[in-house]
Amino acid sequence: MLAGCTPWPPEFADRYRERGYWTGETLGAFLRDRAHRFAERTALVDADRRWSYAELDTRADRTAAGLARLGIGAGDRVVVQLPNVCEVVEVAFALFRLGALPVYALPAHRRAEISYLCSFTDAAALVVADTRAGFDYRDMALQVRAETGGPEHVLVVGDTGGRPGLTPLERVREQGGAGPGATADPDPADVAFLQLSGGTTGLPKLIPRTHDDYLYSVRASAEICALDTGTVYLAALPAVHNFPMSSPGFLGVFSAGGTVVLAPDPGPATCLALIEEEAITHTALVPPAAMLWLDAVDGGSQAHRDLSSLRVLQVGGAKFAPEAARRVRPVLGCALQQVFGMAEGLVNYTRDDDPAETVATTQGRPASPDDEIRVVDSDGTDVPPGALGELQTRGPYTVRGYYRAPEHNAEAFTADGFYRTGDLVRTTPTGHLVVEGRAKDQINRGGEKVAPDEVEDHLLGHPGVHDAAVVAVPDPFLGERTCAYIVPRGAGPARGELAGFLRERGLAAYKIPDRVEAVDAFPATGVGKVSRRELREAVRAAHAPDAHAPP
Ligand code: OOB
């Protein structure tokens with residue numbers, strides 16, 4: 001296995017193979033198989049482009065051959081930051097076929113996050129779009145390279161704008177000629193790509209997912225969701241996130257021979273028009289987007305849309321309020337499926353034969369019969385059935401450790417290999433999970449995860465900030481928003497100034513505090529070293545008593 005990763009113990013790996021979960025197929029071979037079976041069917045739609053399975057397969061081969069000519073090969077890491085365009089899928093499969101590892105960044109990430117990912121993974125290449133929503137990724141990529149001294153190759157989907165040092169992906173593909181020849185034969189038990197975790201302490205951790213484990217979660221998810229060749233899935237969320245990628249996401253749709261339509265943004269105006277035009281059957285959203293869709297259709301600007309093709313709306317990434325959940329069928333005319341997943345592995349789904357109240361009030365049950373679930377108290381002891389506790393899990397598609405993070409792994413995983421999710425849940429008698437809160441130090445801003453101390457570290461870089469604690473404050477729309485409590489030096493900066501400062505440092509917009517409150521001092525935390533974690537908890541208790549706090 002890739003250095004810096006934790007393999008499953010052999011007895012678990014053997015069991016997962018015996019039970020047919022790990023089949024020894026690679027992601028590259030998976031697409032090849034689908035290209036044979038579904039050759040001329042439409043795999044991908046992005047604006048006016050429609051790629052068949054055969055075309056996607058050929059493009060992936062040619063791009064793989066072109067990347068190999070650049071010297072990119074097995075084990076190399078390649079940071080991929082692309083919006084929802086066909087190339088995000090093409091590049092991923094090209095890399096899988098080379099045994100090179102995509103490191104998935106979100107389109108919202110900026111210089112700070114991308115520099116970190118490139119240096120932490122010693123990336124050989126960075127793949128970006130040209131411009132999107134008024135942001136120039138090419139300039140950012142060049143700044144990243146200037147700052148970090150790497151990566152050697154910066155590939156651009158679209159126009160390089162004549163900037164030296166950038167290579168158009170188009171040219172890489174052309175130089176790949178007719179394709180195959182370049183493809184390696186990666187070990188299916190080895191890491192296929194690195195997925196970003198939401199992060200709790202400091203910088204985001206990277207999650208190594210193997211061909212075997214990931215394809216199992218894809219197949220299991222596609223089966224639970226009953227996808228088939230008639231499925232037309234709208235990828236409304238950024239395609240590189242685990243939810244739209246594998247739960248069942250675009251890979252699940254490919255597994256079944258359906259069609260994936262890429263949406264440029266998850267907003268109701270864009271997506272509801274696409275549902276009508278492309279006869280979408282399935283889609284996935286985070287709760288705030290789902291609420292915007294409900295309001296847009298329920299007497300709003302999109303009330304005229306014909307949504308009769310839509311069969312299932314999946315909602316996950318953050319808790320979906322039962323009141324909103326109950327509106328889905330009457331307003332959108334489709335079924336709701338709640339999805340509670342994590343990039344580390346475990347995914348829970350409500351099932352289509354669950355009673356309506358179970359679908360409205362629970363976050364589903366595990367995808368695999370071999371997902372092991374434990375609900376424990378703060379000592380790690382199992383709580384009685386139905387009581388609140390922290391969810392721990394292990395199973396055939398849940399990783400055993402983060403990439404290059406031995407110290408963090410010692411805390412994030414138990415000695416017997418369970419992942420401590422940091423989610424506070426209770427189980428129902430039917431085995432469904434209800435997410436009630438969180439024990440981990442993370443803010444869930446409508447599905448986007450923010451690690452408080454990553455933001456605090458940036459705030460402390462401002463000369464007017466003596467100390468900072470970032471906490472969640474409840475919000476009816478996003479579930480939670482971020483509030484930065486600062487102890488100013490002198491007059492201290494206003495929010496606008498701090499926001500500008502953080503943007504200047506290259507921090508993604510969703511991590512910029514929504515509110516800034518100046519305080520004279522943080523509550524005393526007792527003697528000894530000042531812990532910002534304790535400070536945060538004290539501030540949270542003092543200023544936001546109804547925020548989600550551990551019991
Ligand atoms: C998904 O993955 P991540 O890695 O961005 O975030 C995982 C965390 C979970 O540990 C939990 O804290 C929260 O997001 N979460 C939910 C939830 N789904 C995720 N909290 C409450 N209710 C839900 N339905 O967010 C993700 C990955 C695959 C599928 C779906 C979501």
Side-chain angles (χ1 to χ4, degrees), residues 104-106 108-109 194-200 204-207 209 213-214 217-218 220-222 224-225 235-252 266 282-290 313-322 324-325 328 336-350 358-367 371 373 390-393 397-399 402 412 418-426 432-451 472 478-480 508 510 548 550:
Y104 288 120
L106 294 170
H109 288 145
L194 296 166
Q195 180 77 271
L196 223 68
S197 82
T200 48
K205 302 291 173 289
L206 290 168
I207 302 166
R209 301 294 302 258
D213 94 72
Y214 211 61
S217 85
V218 165
S221 299
I224 288 166
C225 300
L237 300 171
V240 296
H241 187 271
N242 203 50
F243 188 11
M245 180 144 62
S246 68
S247 306
F250 70 82
L251 291 174
H282 292 69
T283 190
L285 292 177
V286 289
L313 169 66
Q314 298 183 296
V315 179
K319 176 92 174 217
F320 195 35
V328 170
L336 167 69
Q337 179 179 50
Q338 294 219 37
V339 186
F340 163 38
M342 50 208 73
E344 287 80 359
L346 179 71
V347 188
N348 303 277
Y349 296 97
T350 56
T358 304
V359 175
T361 58
T362 80
Q363 280 63 58
R365 58 184 173 81
D371 281 322
I373 295 293
E390 187 193 348
L391 173 67
Q392 298 185 345
T393 184
Y397 61 98
T398 296
V399 296
Y402 293 102
F418 280 75
Y419 166 54
R420 298 185 214 265
T421 67
D423 292 312
L424 293 173
V425 304
R426 57 187 176 77
H432 289 72
L433 300 174
V434 181
V435 182
E436 298 280 16
R438 198 176 45 227
K440 59 188 164 189
D441 227 347
Q442 185 182 75
I443 299 165
N444 190 338
R445 196 176 174 279
E448 291 184 308
K449 316 300 181 329
V450 180
L478 289 175
E480 293 176 350
Y510 69 88
H548 294 284

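Whatever order the structure lists ligands and atoms in, that order sets their numbers, starting from 1. The structure displayed is predicted, hence computed values, not measured ones.
Nearest heavy-atom pair, A108 versus A508, reported as atom, atom and distance to 0.1 Å: O-CB, 3.2 Å. Taking each heavy atom of F320 and A325 in turn, the nearest pair found is CE2-CA, 3.5 Å.
Atom 4 (O) of ligand 1 has its closest protein heavy atom at A343 N, 3.0 Å. Remark: minimum distance from atom 15 (N) of ligand 1 to any protein heavy atom is reached at G317 O, 3.4 Å. Nearest protein heavy-atom neighbour of atom 23 (C) of ligand 1: A318 O, 3.5 Å. Of all protein heavy atoms, the one lying nearest to atom 9 (C) of ligand 1 is D423 OD2, 3.3 Å. At the shortest separation from atom 21 (C) of ligand 1 among protein heavy atoms lies K319 N, 3.2 Å. The nearest protein atom to atom 7 (C) of ligand 1, hydrogens excluded, is given as G341 O, 3.3 Å; this is a heavy-atom distance. In this structure, atom 25 (O) of ligand 1 lies nearest to the protein heavy atom K449 NZ, 3.1 Å.
Looking at S247 against ligand 1, only its side chain comes within 4.0 Å, counting heavy atoms. Contacts between Q338 and ligand 1, counted as non-hydrogen atom pairs separated by less than 4.0 Å, are absent for every part of the residue. Counting heavy atoms closer than 4.0 Å to ligand 1, residue S197 contributes nothing at all. Contacts between R438 and ligand 1 below 4.0 angstrom, taking non-hydrogen atoms only, are absent altogether.
Counting only heavy atoms from C-beta outward, the side chains of I207 and L194 never approach each other to under 4.5 Å. In this structure the side chain of H282 never reaches within 4.5 angstrom of the side chain of Q314, judged on heavy atoms. Looking only at side-chain heavy atoms (C-beta outward), L106 and E448 stay at 4.5 Å or farther from each other.
Between the side chain of N348 and the backbone N or O of F340 there is at least one donor-acceptor pair closer than 3.5 Å. Distance alone, capped at 3.5 Å, places no donor-acceptor pair between the N444 side chain and the A472 backbone. Not a single donor-acceptor pair under 3.5 Å links the side chain of K449 to the backbone N or O of Q442. Looking at Q338, its side chain never comes within 3.5 Å of a backbone N or O of G364 through a donor-acceptor pair. Judged purely by atom type and a 3.5 angstrom limit, R209 uses its side chain to pair as donor or acceptor with the backbone of Y397.
Considering backbone and side-chain N/O of F320, none are found under 3.5 Å from N/O of ligand 1. Backbone and side-chain nitrogen or oxygen atoms of E344 are examined, and none is located within less than 3.5 angstrom of a nitrogen or oxygen of ligand 1.
A donor and an acceptor atom, one from each side chain of Y419 and E344, are located under 3.5 Å apart.
In this structure, H241 is part of the shell of residues with a heavy atom less than 4.0 angstrom from ligand 1. Using a 4.0 angstrom heavy-atom cutoff, Q363 counts as in contact with ligand 1.
Taking a cut-off of under 4.0 Å to the non-hydrogen atoms of V435, the atoms of ligand 1 that pass are 21 (C). The contact set between ligand 1 and V339, taken as ligand atoms under 4.0 Å from a residue heavy atom, comprises 18 (N), 23 (C), 24 (N), 29 (C), 30 (C). Those atoms of ligand 1 with a heavy atom of F243 less than 4.0 angstrom away are 28 (C), 29 (C), 30 (C). Proximity to K440 (heavy-atom distance under 4.0 Å) selects the following atoms of ligand 1: 9 (C), 10 (O), 12 (O). Those atoms of ligand 1 with a heavy atom of N444 less than 4.0 angstrom away are 13 (C).
A salt bridge does not link E390 to R420: none of the charged side-chain nitrogens sits closer than 4.0 Å to a carboxylate oxygen.
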